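Reviewing the structure listed below.
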Amino acid sequence: MLKIQASTLYTINEQQRLLSINEPGGGKAPALFIGMTSAGSLTYYHEQLPPDLTVELGRNSELPLDIPKLIRKVETFEPVNHMWMGPAYAFPETSDEWNLNVQLIGHEQRYMLAEHFPELTDHLHERSPVAAYVIGDSAVAVCCSARVSIHGAEASLYTAPGFRGRGYAAETVKCWQYYVRESGRMPIYSTSWDNLASQHVARKLGLIQFGVDFSITTLDLRRGSR
């Protein structure tokens with residue numbers, strides 16, 4: 001499962017080195033990514049990191065992580081300017097039921113995004129499937145695919161400010177994950193430890209935490225948040 005998630009979040013070369021964030025215009029991948037589960041961890045390094053540094057980082061990537069030490073090691077290569085950590089969830093086997101206000105957004109329904117999510121209207125294909133909670137003719141919550149690989153899709157969830165706290169987000173995720181499974185991919189939901197609202201949605205849906213993601217991004221490699 002960690003391998004599917006890593007290959008969904010990032011593009012990875014034959015040497016299992018990170019190349020870029022797996023989304024259009026996503027930029028370069030972090031210098032270091034570690035996926036952790038109760039059974040162990042998987043570590044990936046950016047292709048630009050020198051081999052001797054990856055060896056040193058590998059020696060310091062055992063659990064529990066010594067994060068300050070990892071940061072100091074990476075900073076021998078480039079200054080660190082971002083660290084990210086948070087839970088990763090898998091979906092239980094669920095039914096195909098969700099609120100009747102939720103629908104898939106295709107080319108013909110893209111006008112429903114105009115009021116609250118206009119930035120998505122030109123990216124429906126690459127974000128597919130796109131599920132939305134619709135009131136009237138306007139989508140007020142959207143769940144789409146932030147990143148897609150052959151085997152997985154990572155959820156991206158948005159709710160318009162005036163409609164938060166009403167359960168709309170969770171309903172859209174139910175629809176999204178169903179159609180991700182229909183495509184033969186594994187739906188993945190991950191967030192940061194400080195995103196309490198996103199964690200609340202995960203609990204409401206009964207998602208199963210399978211691991212924790214950790215990444216370190218450096219100044220020159222960083223062009224994205226993860």
Side-chain angles (χ1 to χ4, degrees), residues 1-12 18-30 33 35 84 86-94 96 98-99 101-114 116-134 139-160 168-192 195 197-199 201-202 204-211 213 215 223-226:
M1 192 172 290
L2 280 177
K3 288 183 178 180
I4 292 175
Q5 188 196 23
S7 66
T8 301
L9 295 177
Y10 309 107
T11 59
I12 301 173
L18 302 175
L19 300 175
S20 62
I21 295 172
N22 185 30
E23 60 185 54
K28 295 181 180 179
F33 172 82
W84 199 95
Y89 302 93
F91 287 77
E93 293 296 329
T94 57
D96 57 356
W98 50 81
N99 191 289
N101 285 36
V102 178
Q103 60 180 279
L104 280 181
I105 302 296
H107 184 75
E108 293 182 357
Q109 297 82 24
R110 68 188 186 282
Y111 70 91
M112 295 180 178
L113 301 171
H116 298 294
F117 312 104
E119 68 281 358
L120 291 178
T121 57
D122 295 329
H123 302 282
L124 290 179
H125 178 72
E126 61 206 45
R127 299 295 189 184
S128 178
V130 178
Y133 195 104
V134 178
V140 298
V142 172
C143 184
C144 60
S145 301
R147 306 176 192 182
V148 180
S149 67
I150 295 175
H151 300 294
E154 172 86 5
S156 184
L157 186 58
Y158 312 90
T159 304
Y168 299 160
E171 292 298 324
T172 65
V173 176
K174 290 179 186 179
C175 179
W176 172 84
Q177 68 85 30
Y178 172 80
Y179 284 100
V180 168
R181 290 185 190 276
E182 285 288 289
S183 73
R185 296 178 173 88
M186 182 181 78
I188 303 166
Y189 185 100
S190 62
T191 187
S192 61
N195 192 337
S198 185
Q199 292 173 52
V201 171
K204 188 170 184 177
L205 290 168
L207 303 190
I208 303 163
Q209 185 182 341
F210 69 85
D213 298 336
S215 65
R223 285 184 57 194
S225 60
R226 291 184 59 188

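In what follows, residues are counted from 1 in the order of the sequence shown. Keep in mind it's a predicted model, so treat the numbers as computed, not measured.
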Passes side-chain contact (heavy atoms from CB on, under 4.5 Å), I208 versus Y89? Steps please. CA-CA 5 Å; I208 303 163; Y89 302 93; over 6 Å; no
Go through it in stages, so that I can follow the logic: the residues are E154 and E23, the test is side-chain contact (heavy atoms from CB on, under 4.5 Å), and I'd like the CA-CA distance, side-chain angles, deciding distance and then a yes or no. CA-CA 11 Å; E154 172 86 5; E23 60 185 54; over 6 Å; no
One pair to check against side-chain hydrogen bond (donor to acceptor under 3.5 Å, both in side chains): D213 and Q5. What are the steps and the verdict? CA-CA 10 Å; D213 298 336; Q5 188 196 23; 2.7 Å; yes
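A 6.0 Å sphere centred on CD of E108 holds no more than 12 heavy atoms belonging to other residues, nucleotides or ligands.
Nearest heavy-atom pair across A90 and M1 is CB-SD, 3.8 Å. Nearest approach of A170 to K204, heavy atoms of both residues: CB-CD, 4.1 Å. Taking all atoms of both residues into account, the shortest heavy-atom contact from W84 to S192 is CZ2-N, 3.6 Å. Of all non-hydrogen atoms in V201 and A169, the two that sit nearest each other are CG2-CB, 4.3 Å. Of all non-hydrogen atoms in I4 and S7, the two that sit nearest each other are O-OG, 3.0 Å. Of all heavy-atom pairs spanning T172 and A132, the tightest one is CG2-C, 3.8 Å.
A side-chain donor-acceptor contact under 3.5 Å links T11 to the backbone of S20. Formation of a donor-acceptor pair under 3.5 Å by the R147 side chain with backbone atoms of A153 is not found in this model. Counting only distance, with no hydrogens or angles, the side chain of T159 and the backbone of A141 share no donor-acceptor pair below 3.5 Å.
Expressed to the nearest 0.5 Å, how far CD of E171 lies from CG of N101 amounts to 9.0 Å. Of the inter-residue distances, the one linking Y133 atom OH with W98 atom CH2 reads 14.5 Å to the nearest 0.5 angstrom. One finds the CD1 atom of I12 at 5.5 Å from the CG atom of L18 (value rounded to the nearest 0.5 Å). Between atom OG of residue S190 and atom CG of residue L9 there is a gap of 6.0 Å, rounded to the nearest 0.5 Å. Rounding to the nearest 0.5 angstrom, the gap separating the CH2 atom in W176 from the OG atom in S156 is 9.5 Å. Atom CZ of F210 sits about 6.0 Å away from atom CG of L2, to the nearest 0.5 Å.
No hydrogens or angles considered: nothing links the side chains of Q199 and T191 as a donor-acceptor pair under 3.5 Å.
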Output a table of donor-acceptor pairs, distance under 3.5 Å, between side-chain atoms of residues 179-189 and any protein atom two or more places apart or on a different chain; print 'none' if there are none.
from, atom 1, to, atom 2, distance (Å)
R181, NE, Q177, OE1, 2.9
R181, NH2, F91, O, 2.9
R181, NH2, P92, O, 3.2
S183, OG, V180, O, 2.6
S183, OG, R185, NH1, 3.3
R185, NE, S149, O, 2.7
Y189, OH, S198, O, 2.9
Y189, OH, S198, OG, 2.8

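When side chains are defined from C-beta on, Y158 counts as touching C144, because their heavy atoms get closer than 4.5 Å. For the pair H151 and T8, the minimum side-chain heavy-atom distance is 4.5 Å or more. Put simply, the side chain of Y178 does not reach to within 4.5 Å of the side chain of P129, judged on heavy atoms. A 4.5 Å side-chain heavy-atom check between L207 and V173 finds every atom pair outside the cut-off.
Taking H107 as the reference, R110 meet the side chain to side chain donor-acceptor pair (under 3.5 Å) condition, with sequence neighbours excluded.
For the side chain to side chain contact (heavy atoms under 4.5 Å, CB included) criterion with V142, the lone passing option out of I105, L120, L157 is L120.
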